[in-house]
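Just so we're clear, the structure is a prediction, and the values are computed from it rather than from any experiment. Atom set for the values below is all heavy atoms of this structure, side chains included, hydrogens, waters and symmetry mates excluded.
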Amino acid sequence: MRVNNYFVDLHIHIGRTKTGKPVKITASKSLTLTNILNTAKSPKGLDMVGIIDCHSPEVIAEIEDLIYRGDLREMAEGGFRFQETVTLIPGVEIEVNDENCKGPIHVLGYFPTLEALKNFSMWYQTKVKNVQLSTQRIHESAVPLQKKIKSLGGIFIPAHVFTPFKSLYGKGVEKSISEILDPDLIDGIELGLSSNTEMADRIKELHHFTFVSDSDAHSLGKIAREYQIMKLESPTFAALEKALHGKDGNGIVANYGLNPYLGKYYRTTCSKCFEPKVADICPHCGSTHFTKGVSERIKELATDQVSPKRPPYVHQVPLDFLPGLGPKTLHKLLDYFDTEMNILHNVPIEELKKVVKADLADMIMQARQGTLQLMAGGGGQYGKVDNTK
């Protein structure tokens with residue numbers, strides 16, 4: 001089976017419907033379904049996007065309208081092709097806090113067809129307060145939810161599993177996935193912005209799962225801040241599912257994500273002033289409340305097992321994290337080189353230097369290779385590129 005490489009980001013939120021109604025309240029108003037698809041095509045340069053919140057009835061109506069207008073085509077192997085350039089994988093993010101959870105967790109479900117998406121939406125609206133909105137808490141236990149998604153031919157992935165709030169290992173379980181979920185009904189594990197493959201593989205029970213790195217974008221600019229290259233027989237739902245299970249030559253080629261230092265929750269910080277924890281009482285503000293960092297939580301869960309062989313995880317810094325690369329400069333780069341994926345992966349440094357100053361071109365190359373000096377983030381604040389050295 002012949003396979004080709006595709007850029008894939010499977011976690012992008014919808015902020016508003018095309019009529020302006022909120023879906024993900026904390027997301028940008030410009031994040032409509034159509035705007036996401038157009039942005040994924042250009043300037044981002046993605047080939048496949050998982051758009052969360054497609055369960056919302058008004059979003060379903062927009063999907064139907066795009067199909068009617070001929071901009072979207074439902075494919076026989078699942079998924080939807082937008083203007084024959086980008087594949088839409090429709091999904092949903094759900095909050096679960098059942099009798100087995102120690103705290104709420106977020107999970108992701110993806111659906112192959114419009115019929116399956118509609119079926120899930122009808123079922124889901126009987127389980128939540130407001131089906132129009134994103135990431136609603138479901139009045140259902142986790143395993144029946146898994147079974148419902150899988151019964152519709154769907155894909156099930158626990159979301160950003162290490163973040164301190166509303167995640168599987170952050171709040172949901174004491175030690176193991178099986179405290180809440182059926183591991184046999186999990187198709188992959190989403191790592192989140194403050195962890196990487198090496199960190200996650202310190203936990204033995206994760207060794208047989210495929211890891212995905214996604215943006216969890218709440219604005220158009222944050223799309224593809226984390227993503228992966230997948231080798232797929234075709235840009236379809238069926239091939240995506242095969243890739244998550246390493247079947248028929250489909251699979252992950254490489255994960256691209258923030259160095260965990262750049263994530264919001266890498267280190268343990270004071271919950272009040274966000275300074276790194278150095279004692280049980282914060283010396284800066286006197287608070288005794290701390291947000292446990294991902295790095296510390298993984299140490300609590302870690303075993304000394306040998307890690308499995310995995311695709312490389314490249315600590316690639318997004319262009320908008322680079323000091324001195326503002327909107328005007330980015331627009332200039334895109335005018336010359338078309339997409340962010342092209343700039344981050346393909347353009348030679350000699351060509352970059354024809355468009356931007358040499359020091360910025362060098363920084364882009366370091367961002368590509370993951371060799372920039374960084375200052376760690378924590379407590380909900382992003383890390384930064386340290387350009388003082």
Side-chain angles (χ1 to χ4, degrees), residues 4-18 23-24 27-54 56 59-60 62-63 65-67 69-75 78-93 108 110-112 117 134 155 157 190 193 212-230 232 234-237 239-240 243 252-258 316 318-320 327 330-331 333-335 337-346:
N4 294 303
N5 287 350
Y6 297 90
F7 292 112
V8 179
D9 180 358
L10 292 172
H11 192 157
I12 302 167
H13 280 284
I14 293 174
R16 296 291 186 274
T17 68
K18 68 177 182 179
V23 181
K24 183 71 172 179
S28 169
K29 293 179 181 179
S30 64
L31 273 175
T32 64
L33 176 71
T34 301
N35 283 350
I36 293 167
L37 290 168
N38 280 315
T39 301
K41 175 183 175 182
S42 178
K44 293 298 177 178
L46 293 169
D47 301 301
M48 178 181 286
V49 287
I51 301 184
I52 306 307
D53 311 324
C54 286
S56 181
V59 177
I60 291 174
E62 186 170 355
I63 291 173
D65 184 55
L66 287 170
I67 292 172
R69 284 163 32 197
D71 288 326
L72 203 63
R73 172 176 62 86
E74 188 166 1
M75 295 184 287
F80 302 79
R81 199 71 175 150
F82 177 70
Q83 297 178 354
E84 301 304 327
T85 57
V86 178
T87 295
L88 161 65
I89 305 294
V92 60
E93 183 170 12
L108 304 169
Y110 302 92
F111 303 97
L117 179 64
S134 170
I155 289 170
I157 297 176
E190 185 183 68
L193 303 185
V212 292
S213 44
D214 303 315
S215 67
D216 194 0
H218 285 49
S219 66
L220 291 173
K222 296 301 183 187
I223 293 172
R225 63 179 166 183
E226 295 204 340
Y227 57 95
Q228 45 265 303
I229 294 177
M230 289 188 177
L232 303 173
S234 59
T236 64
F237 185 96
L240 169 63
I252 306 284
V253 174
N255 297 92
Y256 292 85
L258 300 178
Q316 191 175 83
L319 294 173
D320 64 356
L330 179 57
H331 184 74
L333 284 164
L334 292 170
D335 275 348
F337 306 121
D338 294 330
T339 70
E340 291 184 21
M341 291 299 107
N342 196 32
I343 295 165
L344 281 168
H345 286 269
N346 302 321

Please check this pair: side chain of [X] against backbone of [Y], looking for a donor-acceptor N/O pair closer than 3.5 Å.
X: Asp53; Y: Val23; result: no
X: Asn35; Y: Leu31; result: no
X: Glu226; Y: Leu258; result: yes
X: Arg225; Y: Ser215; result: yes
X: Lys44; Y: Ile223; result: yes
X: Tyr110; Y: Leu10; result: yes
X: Ser213; Y: Gly257; result: no
X: Asp47; Y: Phe7; result: yes
X: Asp9; Y: His11; result: yes

Q.
Assess the residue pair Ser30 and Ser28 against the criterion (side chain to side chain donor-acceptor pair (under 3.5 Å)); give the C-alpha distance rounded to whole Å, side-chain angles, the decisive distance to 0.1 Å, and a yes or no.
A. CA-CA 5 Å; Ser30 64; Ser28 169; 2.8 Å; yes

(Q) Suppose we screen for salt bridge (Lys or Arg N to Asp or Glu O under 4.0 Å). Which residues come up paired with Lys222, at least two apart in sequence or across chains? (A) Asp320

Q: Mind listing the closest non-hydrogen atom pair of Ser134 and Lys24 along with its distance?
A: OG-CD, 3.3 Å

Q: Just grab all the salt bridge (charged side-chain N to carboxylate O under 4.0 Å, His left out) pairs involving residues 29-43, residues at least two apart or on different chains.
A: none

